[in-house]
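These values consider heavy atoms only, across backbone and side chains, with no hydrogens, waters or symmetry-generated copies. Along the sequence shown, residues carry numbers from 1.
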Amino acid sequence: MLPDALQVFLNRAAPGAHPHCEHAWPHGLSRAWQLHTPDGPLFLKTHRKAAHYARERHALQHWAPALGARSTQLVAHDDDAQALLLTAAPGTLALHAPLTAAQERTLHAQAGAHLACLHAQPLAPAEHFEYRAYLQGQWPTVRDRALTHGTLGAPTLAWVDTQVDGALRSGPWPVAPAHRDYTARNWVVDVRPDGTVRTTIIDYGGARPHPPVLDLERPHAEVCPPARTSAPPS
């Protein structure tokens, strides 16, 4: 059963649709229902935080259309319920897909090409990223947490301090539409009978104008996890 506000939205946006099953991550920041409709499957998604809803709606309205079938697309939305009606990507999450080594390479090649297309979309003049304010606001919090929990040693923190200081003194960073959660849990992969794969991007809840290089952080960490024995910078 859907909450009343969502059922009203669904009755208006997709008459005859009904939920088949619910999907959710443990973080509880969003909920999604797979829907059966007379015209095929759709997804209904809600966000707990208004900022995440606004980011995803904006990305789906302004950036995702250029990707076509390579991305989930917006069908309808309801600002009061913070609800999005989305096209359903065929396949399964790449995080759980049993792929061969060749299919894995194709998956990452397609994901990279899709990301390049996303980064190439134009930004409106009002869309910008204050990188100095971002660093000045984020790094002290991260630094204090690392010290408190002992996750990073003093030499590493001192090295990062110098990098942050250099970044604050540098010129403007290039900014583009960034996904900001670009990882295998947000790629849907469809393996066809002949073994070929098709990759689709989902979940724009973190999308916003950012330096595009930040979208490579999570895929790199998944493919190349840090060695346990590596020494911190000195």
Asks: Counting distance only, does the side-chain N/O of Asp215 pair as donor-acceptor with the main-chain N or O of His179 below 3.5 Å?
Replies: yes
Asks: For Asp4, does the CG atom sit with more than 12 other heavy atoms under 6.0 Å from it, leaving out its own atoms?
Replies: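 It does not: Asp4 CG has 12 such atoms or fewer within range.
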Asks: On a heavy-atom basis, which atom in Ala76 and which in Ala13 lie closest, and how many Å separate them?
Replies: CB-CB, 3.8 Å
Asks: Does Arg70 reach the main-chain N or O of Leu67 with its side chain, forming a donor-acceptor pair under 3.5 Å?
Replies: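 Answer holds: yes.
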Asks: Nearest 0.5 Å, what's the CD1-CG distance between Ile201 and Leu118?
Replies: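 Answer for the CD1-CG pair, Ile201 versus Leu118, is 6.0 Å.
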Asks: Heavy-atom distance under 4.5 Å between the side chains of Leu74 and Leu85, does that happen here?
Replies: no
Asks: Is Glu217 reaching over with its side chain to a backbone N or O of Val213, donor-acceptor style, under 3.5 angstrom?
Replies: no
Asks: Side chain of Thr196, backbone of Arg192: donor and acceptor closer than 3.5 Å?
Replies: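 A pair under 3.5 Å: no.
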Asks: With rounding to the nearest 0.5 angstrom, report the CD to CG distance, Gln82 to Leu6.
Replies: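 The distance works out to 10.5 Å.
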Asks: Using modelled atom types only, decide if a donor and an acceptor are shared between the side chain of His114 and the backbone of Thr199 within a distance under 3.5 Å.
Replies: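 Side chain of His114 to backbone of Thr199: a pair is present.
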Asks: So, for Asp80 and Asp78, which heavy atoms are closest and what is the spacing to 0.1 Å?
Replies: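 Heavy atoms only, the tightest pair is N-OD1, 3.0 Å.
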Asks: What are the two closest heavy atoms between Pro19 and Leu35, and how far apart are they?
Replies: CA-CD2, 3.6 Å
Asks: Report yes or no: does His96 contribute a side-chain atom to a donor-acceptor pair with the main-chain N or O of Thr92 at less than 3.5 Å?
Replies: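 Not a single qualifying donor-acceptor pair exists.
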Asks: Would a single hydrophobic cluster contain both Val142 and Leu135, if residues Ile, Leu, Val, Met, Phe, Trp and Tyr are joined by side-chain heavy-atom contacts under 4.5 Å?
Replies: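 Yes, Leu135 and Val142 fall within the same hydrophobic cluster.
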Asks: Just by distance, do the side chain of Gln110 and the backbone of Val197 share a donor-acceptor pair under 3.5 Å?
Replies: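 Yes, because the side chain of Gln110 sits within donor-acceptor range (under 3.5 Å) of the backbone of Val197.
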Asks: Is the backbone of Glu22 close enough, under 3.5 Å, to the side chain of Gln34 for a donor and an acceptor to pair up by distance?
Replies: no
Asks: Is any side-chain heavy atom of Tyr182 less than 4.5 Å from a side-chain heavy atom of Leu115?
Replies: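 They are in contact (side-chain heavy atoms under 4.5 Å apart), so the answer is yes.
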Asks: Just do the side chain to side chain contact (heavy atoms under 4.5 Å, CB included) check on Phe43 and Ile202 with the steps written out, would you?
Replies: CA-CA 11 Å; Phe43 270 89; Ile202 63 170; over 6 Å; no
Asks: Roughly how far, to the nearest 0.5 Å, is NE2 of His23 from CG of Leu44?
Replies: 11.5 Å
Asks: Which is it for Asp203 and Arg185 under the salt bridge (Lys or Arg N to Asp or Glu O under 4.0 Å) test, yes or no, and what are the steps along the way?
Replies: CA-CA 9 Å; Asp203 193 355; Arg185 72 179 187 176; 6.0 Å; no
Asks: State, with a plain yes or no, whether a side-chain heavy atom of Glu104 is found less than 4.5 Å away from one of His108.
Replies: yes
Asks: Test Tyr204 against every option in Leu86, Leu60, Leu84 by the side-chain contact (heavy atoms from CB on, under 4.5 Å) rule and name the one that passes.
Replies: Leu60
Asks: Roughly how far, to the nearest 0.5 Å, is OG1 of Thr46 from CD of Glu56?
Replies: 10.5 Å
Asks: For side chain to side chain contact (heavy atoms under 4.5 Å, CB included), just list the numbers for Leu93 and Trp187, CA-CA rounded to whole Å, side-chain angles, deciding distance to a tenth of an Å, and then say yes or no.
Replies: CA-CA 6 Å; Leu93 289 182; Trp187 308 337; over 6 Å; no
Asks: Measure across Arg180 and Tyr134 and return the closest heavy-atom pair with its distance rounded to 0.1 Å.
Replies: NH2-OH, 4.1 Å
Asks: Out of curiosity, Ser30 OG to Lys45 NZ, how far, rounded to the nearest 0.5 Å?
Replies: 4.5 Å
Asks: According to the interplanar angle, ranging from 0 to 90°, do the rings of His20 and His36 count as parallel (below 30°), tilted (30 to 60°) or perpendicular (above 60°)?
Replies: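 Tilted, since the angle between the ring planes falls between 30° and 60°.
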Asks: Quick check: do Val189 and Gln103 have side-chain heavy atoms less than 4.5 Å from each other?
Replies: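 A side-chain contact under 4.5 Å is absent here.
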Asks: Looking at CG of Leu107 and CZ of Arg198, how far apart are the two atoms once the value is rounded to the nearest 0.5 Å?
Replies: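 Between atom CG of Leu107 and atom CZ of Arg198 there are 13.5 Å.
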Asks: Over all heavy atoms of both residues, which pair between Pro38 and Ala17 is shortest? Give the atoms and the distance, please.
Replies: CD-N, 4.3 Å
Asks: Take His18 and Thr37 through the side chain to side chain contact (heavy atoms under 4.5 Å, CB included) test and state the conclusion after the steps.
Replies: CA-CA 7 Å; His18 61 275; Thr37 83; over 6 Å; no
Asks: For residues Leu29 and Lys49, determine if any side-chain heavy atom of one lies less than 4.5 Å from a side-chain heavy atom of the other.
Replies: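 They are in contact (side-chain heavy atoms under 4.5 Å apart), so the answer is yes.
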Asks: Any side-chain heavy atom of Asp161 sitting closer than 4.5 Å to one from Arg143?
Replies: yes
Asks: Are the side chain of Thr162 and the backbone N or O of Trp159 linked by a donor-acceptor pair below 3.5 Å?
Replies: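 Looks like yes, one N/O pair under 3.5 Å.
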Asks: Decide yes or no for Leu42 and Val75: does some side-chain heavy atom of the first lie under 4.5 Å from some side-chain heavy atom of the second?
Replies: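 Side-chain contact under 4.5 Å: yes.
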Asks: Check Ala207 against Trp63 and note the closest heavy-atom contact, atom names and distance.
Replies: CB-CZ3, 4.1 Å
Asks: Tell me if a side-chain donor or acceptor on Thr151 pairs with a main-chain N or O of Leu147 at a distance below 3.5 Å.
Replies: no
